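Given the structure is predicted, the values throughout are model-derived calculations rather than measurements. Only this structure's heavy atoms are used, side chains among them; waters, hydrogens and symmetry mates stay out. Proteins get letters first, then strands, A, B, ... in listed order; numbering begins at 1 in each.
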Amino acid sequence: MSRKQWMDNAFWETEEKKELNCILELEDDVGRVTRQQMFLHRHDKGGSENELFNEVVDALGEDAIDKETVDRVERKAAEAEEEKVRDEEHNKARKLEKLFNYKMEAFEVEEIKNSKNRKLKAKLRRAKSKIEVDMYSIMILQDQLEAETNGKD
Amino acid sequence: MEKTKGFIIVASKKRNFYLYAINLAESIRDYYEPEEECKICLVTEERFLDDRGRDVADDILFCDDHYRAKLWGMAKSPYDLTMYIDADMECEHEDIIKVWDEMKDHDVVFSALTDDRDYIYAERDFDTPEGSAKFTLCGGVCLYDMSKPIVREFMDDWWDLTFRQMNDSWWPEGYVDSLKSWDQFSLWWLVEKEEKYKDLKVGIFDDDLRWNYYNALNWAITQPETGPVILRHFSAGLNKDTPIV
């Protein structure tokens, strides 16, 4: 037995409610279900009412479409916000990896590699930015130079 | 007599791993209080060892360049309570000293491979002759008690089985070849299939993300629940083959 049903997630495309976005679900005689998304205008180019548009509004009710439209806007905003947060966090993770690699490079600088100043090296390891890494690298270099100078003295 | 405690870090095959290992060891010392009680065993190839390794490690063992030398090293730990940590990790919190409390009455403790973290694993689900299965234990960190004979035997077997699966001298029928490169498979086999380990008490770290936080995880949706990350795993974000300088 075939079946035709408008899905209850239809929403207005504009505030004037002149365009409707909806999905028609069809089931054929052997139970195969297909869905068709439709973008319907209230009036055709000649200004006549669109029967299909009216059919959807009658089937679902204008209030229900109003509610789904509001809910959808809120849902989409929440999804966009979530996506934004995910992207930000993803970028932070990539930035941290780059910073880790940068620190590894710093630790391979001969003077830093040979430095016994554990305190400064710990500071370098905990650095939160490249500038901080550079700053502690310079401090270690100075410390190492001083140690060498004192050693010579 | 009180059990000895220490960390084991393995760096083989690539020099970058040695550099990561040194950084990890130093980062553990940065946070471990009192620092003089922090014991570290570095397992590495002789060609890599330099003063940094000698300075940071209490014990040094030389391994060969096997891809999974970590398992050889784990089985050779000089400490009773041993915390193995992958070299490409970094310690970033003073709770590192609490790691020994995680032993509880377990024999070995891992972090978990869970469905909600599924998106970062290369190969987790697989078919077996008995049906589908999935890895549930992650070997990135492992706390184990080497004072127990069963654990010593388990560690030896894990290395032995991994070695044999990787050189094709052992492989069970009905399992896809792509699993051969994963030590999670040999771990899964020992825990799930070996009769002698049916009573091995395998545990998961409490709030295990603190103990093995893959930096590749999406920070927005996957976070520890009870405190900040203690050990961060950089794994995917590092270029392990290109010389650092």
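Between Glu90(B) atom CD and Leu96(A) atom CG the span is 8.0 Å, to the nearest 0.5 Å. Rounding to the nearest 0.5 Å gives a distance of 4.5 Å between CD1 of Ile221(B) and CZ of Arg86(A). From Leu19(B), atom CG reaches atom NZ of Lys113(A) across 8.0 Å, with rounding to the nearest 0.5 Å. Rounding to the nearest 0.5 Å places CG of Leu99(A) at 8.0 Å from CZ of Phe234(B). The CD1 atom of Ile22(B) sits 10.0 Å away from atom CD of Glu108(A), with the distance rounded to the nearest 0.5 Å. Rounded to the nearest 0.5 angstrom, Arg125(A) CZ and Glu92(B) CD are separated by 12.0 Å.
Minimum interatomic distance between Phe107(A) and Arg52(B) (heavy atoms only, all atoms of both residues): O-NH1, 3.4 Å. In this structure, Ala93(A) and Asn215(B) approach most closely via the heavy-atom pair O-ND2, 3.0 Å. Contact detail for Arg94(A) and Ala216(B): the closest heavy-atom pair is NH2-CA, 3.8 Å.
Atom NZ of Lys104(B) is surrounded by more than 12 heavy atoms from other residues, nucleotides or ligands within 6.0 Å. Heavy atoms of other residues, nucleotides or ligands lying less than 6.0 angstrom from CZ of Phe62(B) number more than 12. The number of heavy-atom neighbours closer than 6.0 Å to CD of Glu51(A), taken from other residues, nucleotides and ligands shown, is 12 or below. Atom NZ of Lys123(A) is surrounded by 12 or fewer heavy atoms from other residues, nucleotides or ligands within 6.0 Å. Counting heavy atoms of neighbouring residues, nucleotides and ligands inside a 6.0 Å radius, atom CG of Asp8(A) does not exceed 12 of them. The environment of Glu16(A) atom CD is dense: over 12 non-hydrogen atoms of other residues, nucleotides or ligands sit within 6.0 angstrom. At most 12 heavy atoms of other shown residues, nucleotides or ligands fall within 6.0 angstrom of atom CZ in Arg32(A).
Salt-bridge formation is not detected for the pair Glu97(A)/Arg232(B): no Lys NZ or Arg NE/NH1/NH2 atom is positioned less than 4.0 Å from an Asp or Glu carboxylate oxygen. Between Asp30(B) and Arg126(A) no salt bridge is recorded (no basic side-chain N to carboxylate O distance below 4.0 Å).
No other option in Lys121(A), Lys116(A), Glu82(A) has as many heavy-atom pairs under 4.5 Å with chain B as Lys116(A).
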